[in-house]
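Okay, so here's the structure we're looking at.
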Amino acid sequence: QVQLVESGGGLVQAGKSLRLSCAISGPTFSIYRMGWFRQAPGKEREFVARVFWSGGATYYTDSVAGRFTISRDKNTLYLQMNRLKPEDTAVYYCAASRSRDGTRLTDFNSWGQGTQVTVSS
């Protein structure tokens, strides 16, 4: 099975940038899409961004579009986060999907343990 390990989280001031990484191992031939989700305290886990394994089209939730960039370089997935806001504070999770579409949690088959991102005012 696919194994995912996130890193790069931390404490950052609003307006600054941070880059998250996700190390990918296992049978990557089974992966169609990679994605990032996040979960803030007291809220449900939500979709943030996704990219096809083969490259090309990316897709973002409205709240991060224009500020975040998802990309993959071999077995590492990235989430570049610019102009961070306090509302971006959450645990960020890397995920892999075998399907071509869908942004529900159940559309993704493998998950990392998460990395904490805290944005101060």
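On a predicted model such as this, the values are computed, not experimentally measured, just so you know.
- Formation of a donor-acceptor pair under 3.5 Å by the Gln113 side chain with backbone atoms of Glu6 is not found in this model.
- You'll find the side chain of Arg98 stays beyond 4.5 Å of the side chain of Tyr32, heavy atoms only.
- Considering every non-hydrogen atom in both Ala49 and Tyr60, the closest pair reads CB-CD2, 3.5 Å.
- Val117 places none of its side-chain heavy atoms less than 4.5 Å from the side chain of Arg38.
- The heavy-atom pair separating Leu77 from Ser71 by the smallest distance is CD1-O, 3.2 Å.
- Judged by distance alone, the side chain of Arg45 and the main-chain N or O of Phe47 form no donor-acceptor pair under 3.5 Å.
- Clustering ILVMFWY residues whenever any of their side-chain heavy atoms sit less than 4.5 angstrom apart, transitively, puts Trp53 in a cluster other than the one holding Tyr78.
- Side-chain atoms of Trp111 do not come within 3.5 Å of backbone N or O of Leu4 as any donor-acceptor pair.
- Around CD of Glu87, the count of heavy atoms belonging to other residues, nucleotides or ligands within 6.0 Å exceeds 12.
- Annotation: Tyr92 is not in aromatic contact with Phe37 [ring centroid separation under 6.0 Å not met].
- Rounded to the nearest 0.5 angstrom, Phe52 CZ and Arg72 CZ are separated by 13.0 Å.
- The line from CD of Gln3 to CD1 of Ile24 is 12.0 Å long, rounded to the nearest 0.5 Å.
- Atom OG1 of Thr118 sits about 13.0 Å away from atom CD of Gln13, to the nearest 0.5 Å.
- What you find for Arg67 and Leu84 is that their closest heavy atoms are NH1-CA, 3.8 Å.
- Evaluation of the disulfide bond (SG atoms under 2.5 Å apart) test over residues 9-112, restricted to residues two or more places apart or in two chains, returns Cys22-Cys94.
- Residues Ile70 and Ile31 fall within the same hydrophobic cluster, defined by Ile, Leu, Val, Met, Phe, Trp and Tyr side chains chained together at heavy-atom separations under 4.5 Å.
- The side-chain heavy atoms of Pro27 and Val2, taken from C-beta on, include a pair separated by under 4.5 Å.
- With Thr89 contributing its side chain and Val119 its backbone, the two residues share a donor-acceptor pair below 3.5 Å.
- Distance check, rounded to the nearest 0.5 Å: OG1 of Thr28 to NZ of Lys74 gives 12.5 Å.
- Grouping the Ile, Leu, Val, Met, Phe, Trp and Tyr side chains by contacts below 4.5 angstrom, directly or via other members, places Tyr93 apart from Leu20.
- Under the 4.5 Å side-chain criterion, counting only non-hydrogen atoms from C-beta, Phe108 is in contact with Ser97.
- Tyr59 and Val51 fall into different hydrophobic clusters, defined by Ile, Leu, Val, Met, Phe, Trp and Tyr side-chain heavy atoms under 4.5 Å apart, directly or through other members.
- The distance from the OG atom of Ser25 to the CD atom of Gln1 is 9.5 Å, given to the nearest 0.5 Å.
- Ion pair Arg33/Asp107 not flagged as a salt bridge, since none of the NZ, NE, NH1 or NH2 atoms sits closer than 4.0 Å to an Asp/Glu carboxylate oxygen.
- Residues Asp88 and Met81 form no side-chain contact, since every pair of their non-hydrogen atoms from C-beta on lies 4.5 Å or further apart.
- Hydrophobic clustering of Ile, Leu, Val, Met, Phe, Trp and Tyr side chains at less than 4.5 Å, counting indirect connections, unites Trp36 with Leu18.
- A distance of 8.0 Å separates OG1 of Thr103 from CG of Asp101, quoted to the nearest 0.5 Å.
- Considering every non-hydrogen atom in both Gln116 and Ala90, the closest pair reads NE2-O, 3.5 Å.
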